[in-house]
Amino acid sequence: MIVATDCGSTTTKAILIEKIGDEYRQTHRGEAPTTVEAPFEDVTRGVLNAIAEIEELSGRRILDGDRIITPCRDAKTGVDIYISTSSAGGGLQMMVTGVVQNMTGESAQRAALGAGAIVIDVLASNDGRLPHEKIERIRAMRPDMILMSGGTDGGAVTHVVEMAEYVSAAEPRPRFGVTYKLPLIYAGNKDAQPQVKKILGEKTALEMTENIRPVLERENLAPARNKIHDLFLEHVMQQAPGYKKLIEMAGAPIMPTPAAVGVIMETIAKRESLNLIGVDIGGATTDVFSVFGGVFNRTVSANLGMSYSISNVLAEAGLANIMRWVPFTIDEQTLRNRIKNKMIRPTTIPQTLDELQIEHAISREALRLALIHHKSLATGLKGVQQERTISDVFEQQTSGKTLIDMLKLDLIVGSGGILSHAPRRIQSMLMMVDAYEPLGFTMLSVDSIFMMPHLGVLSTINEKAATDVFVRDCMIYLGTCVAPIGQGQNGELCADYDIAFPDGRTVKDRLQFGDLRLYPLEPGGKAKVTMQPAKQVNLGAGAGVPVTREVQGGVVGLMLDGRGRPLQLPADQQSRVAALTKWHDAVDLYP
Amino acid sequence: MAHSYTPGLTVTERTIVRRRRVLPLPGKLLVAQGDRVRSDQAVARAELPGKVYPVNLANQLSIAPDEIKDYLVKKEGDLVQKDEILAENKPLIKWFKTEIRSPVTGTIESLSTVTGQVLLREPPRILDLLAYVDGTVVETIPQQGAVVETGCSLVQGIFGIGGETRGEIAAAVQSPDEPLTAAHLKPDMKGKIVVGGSFLPAETMTRAKELGVAGLVVGGIHDKDLRALLGYDLGVAITGTEQVGFTLILTEGFGTIPMAAKTFKLLSAHAGRKASISGATQIRAGVIRPEIIIPQATSSANSAVMQSQREGIRLGDPVRIIRDPLFGRIGEVSALPPDLQKIPTESEVRVLEVTFADGSRAVIPRTNIEVIEGA
């Protein structure tokens, strides 16, 4: 019997996990507003409220006043353990520094992002800002923590010491609390440790750890990430209202929400040896996770989201990019005003179909932009010398290529309100397909009711329970998308296909450019798909080369996407609306 | 799910507000508990450390970093004037002499023999923290600031831009559904807080700037006019530091929306009275809404009631609909069905029934209304 909470920036979500027979299952769920702010200023209030709701629903007694009853007293009282994640109060905000922006600067950024932080700025010796501008910038920011890196072990110390001097001169102050010292992690050239200690030892709560880039060719992020987690618990959380109590209540260390989601994503990828992209689209931020060839990356787009940050999606994507997904015409002024009204009243929900379609259009752009951001950071190491053979002569690849290869992608996992709570699951599937434009064969899934953070922290103490619940209650397979690469005129041949369904039924047909088709294929069901692409069209094996694959079903089914890759949308308004309407009807997207 | 409604905005004739005034860094307190303060009076003062300018002497003199002490004319802690010599070399031939002059007036804060640079700091800047409202100091926070309390009328807006300011309230329109046109603004409105009706067109903003109006309070504006006013597209609703010439407060939202009758009546009734306003809005992590505080003429603070925290929504509560298609309409809660209901998007949500003044009714998701507080 486990109770887990996630203290989000607006709501605290609690779930109850019970052992039923040999299996762990998620049984009840409660939710209450987060209480980090005045008048409560105690995060545990919201936690207790959310758990009280579970009590009401389950009939189980879990609370004794302000205390969670652990361990279980009998079949109807108490739980074995309580665990939690938190992103309340804006999450963990960090500033990182490096010497060369796209080398140690990026490594430091990856270390912080991987630990679940929001990186508010990256300072580097060569970032183009003048020294006094850097100092002003450090002063103006109020991070929860600073990570300093720079230099390889044994290399020059001047630049990293110079950066330490800037940080010292700026006298950075933490976001919460006036009286405590700002935690600062030094993970740069080990030879500079004594100087850094001399400069910053007094002014900050300084911690030394191994260099994140001991040599140019290798990143060593784990020690710095672990240090970030330790300091998050020891310093940052201690300052946030009520967290001391929360830490005492919990039976395992409190994790930053994105770090917990990252653990789950990494576990899925490892268990099934998949390449995956995961996304958690929230009201304020969009987190993207990827595992390619076993390499994990996480980025957070701090100002792309569906409520607080909705207006910023408009600002970044531009009106035309949002409008291209909307299957009707609406004047610019009305749309702009509606988006701003959602921003100032973030808790409202679409009440009419056209409002829902507008939100789905915006989410496509938020997802698309967050992935572009992710691709730019999920890269190989930059500045590394590459060995070239004679065959590479004509291929001028620079170091630091993105690791995201859509053709090698096996699975997309979606989470967050707009994807988890879409009225029809096909809506989530098409939002992700339109935003990410997967190539070839790609499976898609969503988090049923948003419980990945809870399961992430659970997996650190009870792997089996986390896996059971994840498989049975959390992950909902939507199905597989098959998207040939290539473009053509509407109605031209894209590919001929054969599908052998598990019940013995077969379908033989041709997919034309401009077609979107959907075949039901139940969860757990597998079908054999043979695609014979037209001669300029590629399904991963080369132009015109036939491909046969076994594909997985899901609650939506098997989607054949002949809309072209890159995706083609008609340029003029009238034919665009007609095309969108045709596609939406083809997959029964809206009522 | 007793909490599944949006806490509304307060519009009340009588309440007590406390405003916590805290310096961004430790400083000196200028008032004591029990003091009466005016809105434009400083309650605390801090010295903001000056800007830091690094000068790399080693590079400029072409010497090793650990040699810089031999070339310095000034010591750590010394005051320097702009263009005063910081360091120089002493060559045999005068022509080769290099002098490094200070780029700023300030002090030499530190020097480093590892990097060869000196850090110069400009003199501190005085920062006065104002009381913001006329009232009484009820609490002092050593070195940080004070809490000022006042008995007042309070109107919270939904969104604003621009910082704290004060001025006399001027009613410019006759009814809450009348737009505030440029012709409504008169030269004697300089330094005042002008209350309009349903909409603020771009020309009125320009006119307000010309006249030097301190604040504008209206029902709605168009997003495109806001963008033109700011010069950029506002992405995240964290405001309060904009400098557009006046402080702007919206009471309803974006578009042409008549100001709620209650808000309009209250503000119009106080025309001629002095008010403190702030456009600062923050919708994430600790909601801050823009506000208009009109301190009561007599200090009858004790007779007013502290705003109490609401627990939930009840039948008969006045509510505002905050999402299309009925955005901006105001009515009364007439039913609270407990079960989830399917709405046209196919989502199953908790709903309530609202009855409007004309007797018509509508079923609305509970998250799409806000209670008009302070009734």
Side-chain angles (χ1 to χ4, degrees), chain A residues 9 31-33 36-39 49 53 88-90 131-132 135-136 139 157-159 161-162 165-166 168-171 173 178 195 199 284 303 308-309 311-316 332-334 336-353 355-356 421 423-424 591, chain B residues 1 3-6 22 24-26 49 51-54 56 65 109-110 112 114-117 119 121 143-144 158-159 220 222-224 226-227 232-237 250 253-255 281 283-287 309 322-327 343-349 364-365 367-368 370:
Chain A
S9 49
E31 176 172 315
V36 171
E37 318 298 337
N49 288 344
E53 208 167 281
H132 71 269
I135 295 171
E136 273 309 296
R139 259 170 70 162
V157 299
T158 326
H159 291 293
V161 171
E162 194 174 69
E165 285 169 359
Y166 296 154
S168 163
E171 300 192 6
R173 285 168 310 117
V178 185
Q195 281 106 320
I199 298 166
N303 287 325
Y308 302 111
S309 313
S311 185
N312 199 53
V313 180
L314 171 68
E316 279 192 28
E332 174 175 348
Q333 184 147 294
T334 313
R336 281 188 169 278
N337 286 343
R338 282 192 189 185
I339 292 174
K340 279 285 186 303
N341 280 325
K342 168 89 179 183
M343 171 186 83
I344 58 176
R345 288 174 167 116
T347 53
T348 59
I349 58 166
Q351 199 172 328
T352 56
L353 200 56
E355 289 251 300
L356 181 75
H421 301 306
R424 294 184 183 184
Chain B
M1 299 289 278
H3 294 274
S4 72
Y5 80 105
T6 312
V22 177
L25 70 177
K51 275 190 188 167
V52 178
Y53 287 86
N56 199 312
E109 182 158 282
S110 67
S112 167
V114 178
T115 57
Q117 65 182 352
L119 296 179
R121 195 182 282 275
Q143 296 188 338
Q144 291 185 44
I158 185 77
F159 174 79
H222 281 322
D223 176 44
K224 73 167 171 40
L226 175 71
R227 192 167 52 145
Y232 56 89
D233 209 341
L234 185 78
V236 181
L250 306 185
F254 287 87
T281 310
I283 298 171
R284 247 178 103 176
V287 185
Q309 206 60 32
I322 54 173
R323 182 94 191 205
D324 279 311
L326 297 171
F327 185 83
I343 58 172
T345 60
E346 294 185 337
S347 284
E348 294 204 352
V349 295
I364 310 284
T367 54
N368 289 359
E370 72 189 6

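Note that this is a predicted model, so its numbers are computed, not measured. The chains referred to below are lettered A, B, ... by the order of the sequence lines, with proteins before strands, and numbering in each begins at 1. Side chains are part of it too, since the values below use all heavy atoms of this structure and drop only hydrogens, waters and symmetry mates.
- Side-chain contact between B:Glu346 and A:Arg424 is present, with at least one heavy-atom pair separated by less than 4.5 Å.
- Classification of B:Asp223 and A:Arg338 as a salt-bridged pair fails, no side-chain N sitting under 4.0 Å from a carboxylate O.
- Annotation: maximal heavy-atom pairing with chain A below 4.5 Å, among B:Asn56, B:Leu234, B:Val349, occurs at B:Leu234.
- Counting heavy-atom pairs closer than 4.5 Å to chain B, the top-ranked of the candidates A:Leu314, A:Ile349, A:Asn312 is A:Ile349.
- Considering every non-hydrogen atom in both B:Leu119 and A:Glu165, the closest pair reads CD1-O, 4.0 Å.
- With a 4.5 angstrom heavy-atom cutoff, A:Glu316 does not touch chain B via any of its atoms.
- Distance check, rounded to the nearest 0.5 Å: CG of B:Asp324 to OG1 of A:Thr348 gives 9.5 Å.
- Comparing A:His159, A:Glu162, A:Gln195 by how many heavy-atom pairs each has under 4.5 Å with chain B, the most go to A:Glu162.
- When heavy atoms are compared at a cutoff of 4.5 Å, B:Ile364 approaches chain A by way of both its backbone and its side chain.
- Both the backbone and the side chain of A:Gln351 have a heavy atom closer than 4.5 Å to some heavy atom of chain B.
- Note that CG of A:Leu356 and CD1 of B:Ile343 are 8.5 Å apart. Values are rounded to the nearest 0.5 Å.
- Only the side chain of A:Ile135 comes within contact range of chain B, judged by heavy atoms closer than 4.5 Å.
- Of the inter-residue distances, the one linking A:Ile199 atom CD1 with B:Ser112 atom OG reads 6.0 Å to the nearest 0.5 angstrom.
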_What verdict does the side chain to side chain contact (heavy atoms under 4.5 Å, CB included) test give for A:Arg336 and B:Arg227, after you've listed the backbone C-alpha separation in whole Å, the side-chain angles of each residue and the deciding distance to 0.1 Å?_
CA-CA 11 Å; A:Arg336 281 188 169 278; B:Arg227 192 167 52 145; 3.3 Å; yes
*Decide side chain to side chain contact (heavy atoms under 4.5 Å, CB included) for A:Lys340 and B:Asp233; before the verdict, give the C-alpha distance in whole Å, the side-chain angles of both, and the deciding distance to 0.1 Å.*
CA-CA 10 Å; A:Lys340 279 285 186 303; B:Asp233 209 341; 3.4 Å; yes
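- With a 4.5 Å cut-off on side-chain heavy atoms, A:Glu355 and B:Thr345 do not count as touching.
- Summarising the geometry, atom CZ belonging to A:Arg345 is positioned 10.0 Å from atom CZ belonging to B:Phe254; distances are rounded to the nearest 0.5 Å.
- Listed options A:Leu353, A:Asn341, A:Thr158 were ranked by heavy-atom pairs under 4.5 angstrom with chain B; first place goes to A:Asn341.
- Residues A:Pro591 and B:Pro344 come closest through the heavy atom pair CG-O, 4.1 Å.
- The contact between B:Phe327 and chain A is made entirely by side chain atoms (from C-beta outward), counting heavy-atom distances below 4.5 Å.
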